[in-house]
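A quick write-up on the structure given underneath.
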Amino acid sequence: MGRGRVQLKRIENKINRQVTFSKRRSGLLKKAHEISVLCDAEVALMIFSTKGKLFEYATDSCMERILERYERYSYAERQLVATDLESQGSWTLEHAKLKVRLEVLQKNQRHFMGEDLDTLSLKELQNLEHQLETALKHIRSKKNQLMFESISELQKKDKALQEQNNLLAKKIKQKEKEEKEREEKEQAQQAQLEQENTDLNSTSVLSHPLHSLNICGTYQATAGIGETDETPLENQNPAIPAWMVRHINRLKACTTLFYLWF
């Protein structure tokens, strides 16, 4: 059968207790030495017996250095814990203050909304009324300021649009004027060309002698001396005006009568 589990409790027998202390002390010192060698750790072990006798072990026999290091780390840890506790207490206090402030603000908001007014006294109601009137004055003042700024901005935009409209109207008038001048110039040039063509045609007709107009041929045809194929004057020169054709025809008739008379 295997060994049962030993219940840890104080050994009442003094001799057995002393023997157990000696054995366990030696084993504990041995384990401390082994862990310091195997793991390259700094180990310090102190044991006091029931009679107050000290048994100790330190790596490389540097108990004081290890104890100083322990004190430094222990002090730093205690300071850190204390700081955390203070910070935690400060945050707790701050949370409580903010919670109370939030409740007050929510209560004031309900009062401003006209709710929960039963708990207020006459003086508190008067103060609340005064606060609301002051707030309304500030609101109206801000509203009027925004309206004036909006009106001023609209007036500036209107002025800018009017200036732009006037500028466009001037450009349109200038363009219409230029178009009218161009049309008048074109009409004048066209009239001048027509006048030049008329003068040229008149000069061409008047520069020809009467026989070029086939007057003699007409006389011969009338007198019966010989027949000649006469082409109408309008077909010979379509550019001759009608009044000049009529005038030439009258000259032809007069010339024919003159030859007949003689």
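Here, residue 1 is the first one in the sequence, and each next residue gets the next number. Scope of the values below: all heavy atoms of this structure, side chains included, with no hydrogens, waters or symmetry mates. Because the structure is a prediction, the values reported are computed rather than measured.
Using modelled atom types, one side-chain atom of T20 and one backbone atom of N16 make a donor-acceptor pair closer than 3.5 Å. Proximity of a side-chain donor or acceptor of S26 to a complementary backbone N or O of S22 within less than 3.5 Å is detected. The backbone N or O of V43 sits less than 3.5 Å from a side-chain atom of T59, completing a donor-acceptor pair. No side-chain donor-acceptor contact under 3.5 Å links D158 to the backbone of L154. R17 places a side-chain N or O within donor-acceptor distance of the main-chain N or O of I11, the cut-off being under 3.5 Å. Using a distance-only test at 3.5 Å, with no hydrogens or angles considered, a donor-acceptor pair links the side chain of T134 to the main chain of H130. In this structure, N144 contributes its side chain and R140 its backbone to a donor-acceptor pair below 3.5 Å.
By the salt bridge (Lys or Arg N to Asp or Glu O under 4.0 Å) test, E71 is found to be paired with no residue, residues two or more places apart in sequence or in another chain being considered. Taking E186 as the reference, R182 meet the salt bridge (Lys or Arg N to Asp or Glu O under 4.0 Å) condition, with sequence neighbours excluded. For R25, there are no salt bridge (Lys or Arg N to Asp or Glu O under 4.0 Å) partners at least two apart in sequence or on another chain. The salt bridge (Lys or Arg N to Asp or Glu O under 4.0 Å) search around E178 returns none, not counting sequence neighbours.
Within 6.0 Å of CG on D40 lie no more than 12 heavy atoms contributed by other residues, nucleotides or ligands. Heavy atoms of other residues, nucleotides or ligands lying less than 6.0 angstrom from CD1 of I15 number 12 at most. Shown here is Q109, whose CD atom has no more than 12 heavy atoms of other residues, nucleotides or ligands within 6.0 Å. By the neighbour-count criterion of 12 heavy atoms within 6.0 Å, atom CG of D60 is sparsely surrounded, having that number or fewer from other residues, nucleotides or ligands.
Clustering of Ile, Leu, Val, Met, Phe, Trp and Tyr by side-chain heavy atoms under 4.5 Å joins F55 with F21, L28, L29, L45, I47, Y57. Through direct or relayed side-chain contacts under 4.5 Å between Ile, Leu, Val, Met, Phe, Trp and Tyr, L98 connects to no other residue.
By the 4.5 Å heavy-atom criterion applied to side chains, Q145 and K142 are counted as neighbours. Contact check for R101 versus K99: no side-chain heavy atoms found under the 4.5 Å cut-off. Using a 4.5 Å cut-off on side-chain heavy atoms (C-beta onward), E149 and L146 make contact.
In this structure, F112 is a member of the same hydrophobic cluster as L117, with clusters built from ILVMFWY side-chain heavy atoms closer than 4.5 Å.
With respect to E183 and K185, no salt bridge is recorded, no charged nitrogen being found less than 4.0 Å from a carboxylate O.
Of all heavy-atom pairs spanning H111 and L128, the tightest one is O-CD2, 3.6 Å.
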